[in-house]
Number of protein chains: 2
Amino acid sequence: MPLNELDERIVHALAADARRSYADIGAEVGLSAPAVKRRVDRLLAAGAITGFTVRVDPAALGWQTEALVELYCRHNTSPADIRRGLSRYPEVASASTVTGEADAVVQVFAADVRHFEQVLERIAGEPFVTRTKSVLVLSPLLRRYGAGSPG
Amino acid sequence: MPLNELDERIVHALAADARRSYADIGAEVGLSAPAVKRRVDRLLAAGAITGFTVRVDPAALGWQTEALVELYCRHNTSPADIRRGLSRYPEVASASTVTGEADAVVQVFAADVRHFEQVLERIAGEPFVTRTKSVLVLSPLLRRYGAGSPG
DNA sequence: GGTGAAACGGCGGTCAG
DNA sequence: CTGACCGCCGTTTCACC
């Protein structure tokens, strides 16, 4: 779906603050409030905007341990299987299938190292998981668009 | 800041859909709308919730290639050096220093594989970088809690 | 894409447990 | 101190031009 410059400015405004009123955004980009809403609705329908969420400070919520876990799965495991299995863990912030030796990389937030160990054991115990390999995040250097945080 | 179970459920509801009305969330967690708002205001004031944003489909915005890049740096490189060096790249969505062999893991969004290759070459050419090792993201399985995408 | 009107939700004050 | 009820007002969201 082709976005024009107006759409990009609207998305940019919403990315900075999704609670800004349509009238306010309209004043910035040069449209009326209903016109902005129609574009946002169109972006939602097209899947360019997939939803609205909160930006959270993991540490402030008590999730002080972050880790990246490589998942090695059985050969007949589908991405959907992995998704289903991981979606039950509130500690899993994001997950993607990847090229290379591992099948998926999972971003996990936990209260502390002890909590992370428990989560890792449970994930490693999933029937589709054969092996895991994880690194702990020391300090988040940049968190521009990606990288979420738990709730 | 200590969050009780009610706060966590409210944050979780907002993470799933930040546009849900306070009354709606209140019905789910067993509170009235004003009570939910007061808790959200408190979470905002405490910095636990840092803002509201849109979840965007990177592909729809023209960023169809995502990669995770492990960075191996000179031994005297500080996290601040890495941060400074990477912050100049708009394609870098997030970066963290990590335990293990690599010094940092960087999440990169690019228009296509060709674009990614160019970005990777430039990052690999940074004076503090000795080696890189990257995997391409095949499909994003889970992208919770505002995790995301460029804008 | 702009305009006007109606419905909804946000948000303060106020009171009760 | 935390939650519930009730105003007013801004915002959303239509139908229509």
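Lettering follows sequence order; numbering is per chain, from 1.
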Rounded to the nearest angstrom, tell me the gap between atom CG in B:Leu44 and atom P in C:dG10.
-> 14 Å

Atom-pair distance (CZ on A:Arg38; P on D:dT12), nearest Å = 14 Å

Under 4.0 Å between a Lys/Arg side-chain N and an Asp/Glu carboxylate O for B:Glu101 and B:Lys133?
-> no

A:Tyr22 atom OH is separated from C:dG1 atom P, nearest whole Å, by 15 Å

Distance, rounded to the nearest Å, where B:Ile25 contributes CD1 and C:dC11 contributes C1' = 15 Å

Return yes if some donor-acceptor pair links the side-chain N/O of B:Arg83 with the main-chain N/O of B:Ser78 below 3.5 Å, else return no.
-> no

If you look at every strand shown and take non-hydrogen atoms under 4.0 Å, does A:Ser32 touch a base, only sugar-phosphate, or nothing?
-> base

Starting at CD1 of B:Ile10 and ending at P of D:dT2, how long is that distance when rounded to a whole Å?
-> 13 Å

Return the value, rounded to whole Å, for the distance between atom NZ of A:Lys37 and atom P of D:dG10.
-> 21 Å

Report yes or no: does A:Ser87 contribute a side-chain atom to a donor-acceptor pair with the main-chain N or O of A:Arg84 at less than 3.5 Å?
-> yes

Consider the side chain of A:Ser21, meaning its heavy atoms from C-beta on, and name the nucleotide among D:dT2, D:dA15, D:dT12 that approaches it most closely.
-> D:dT12

Rounded distance (Å) that lies between atom P of D:dC1 and atom CG of B:Leu6 = 18 Å

Out of D:dA4, D:dT13, D:dT2, which has the shortest distance to the side chain of B:Arg39?
-> D:dT2

If you look at every strand shown and take non-hydrogen atoms under 4.0 Å, does A:Arg19 touch a base, only sugar-phosphate, or nothing?
-> nothing

Where the side chain of B:Leu31 is concerned, which of C:dT3, D:dG3, C:dG1 is the nearest nucleotide?
-> D:dG3

Atom CZ of B:Arg20 and atom P of C:dG9 are separated, to the nearest Å, by 12 Å

salt_bridge(B:Asp7, B:Arg42) N-O dist < 4.0 Å | yes

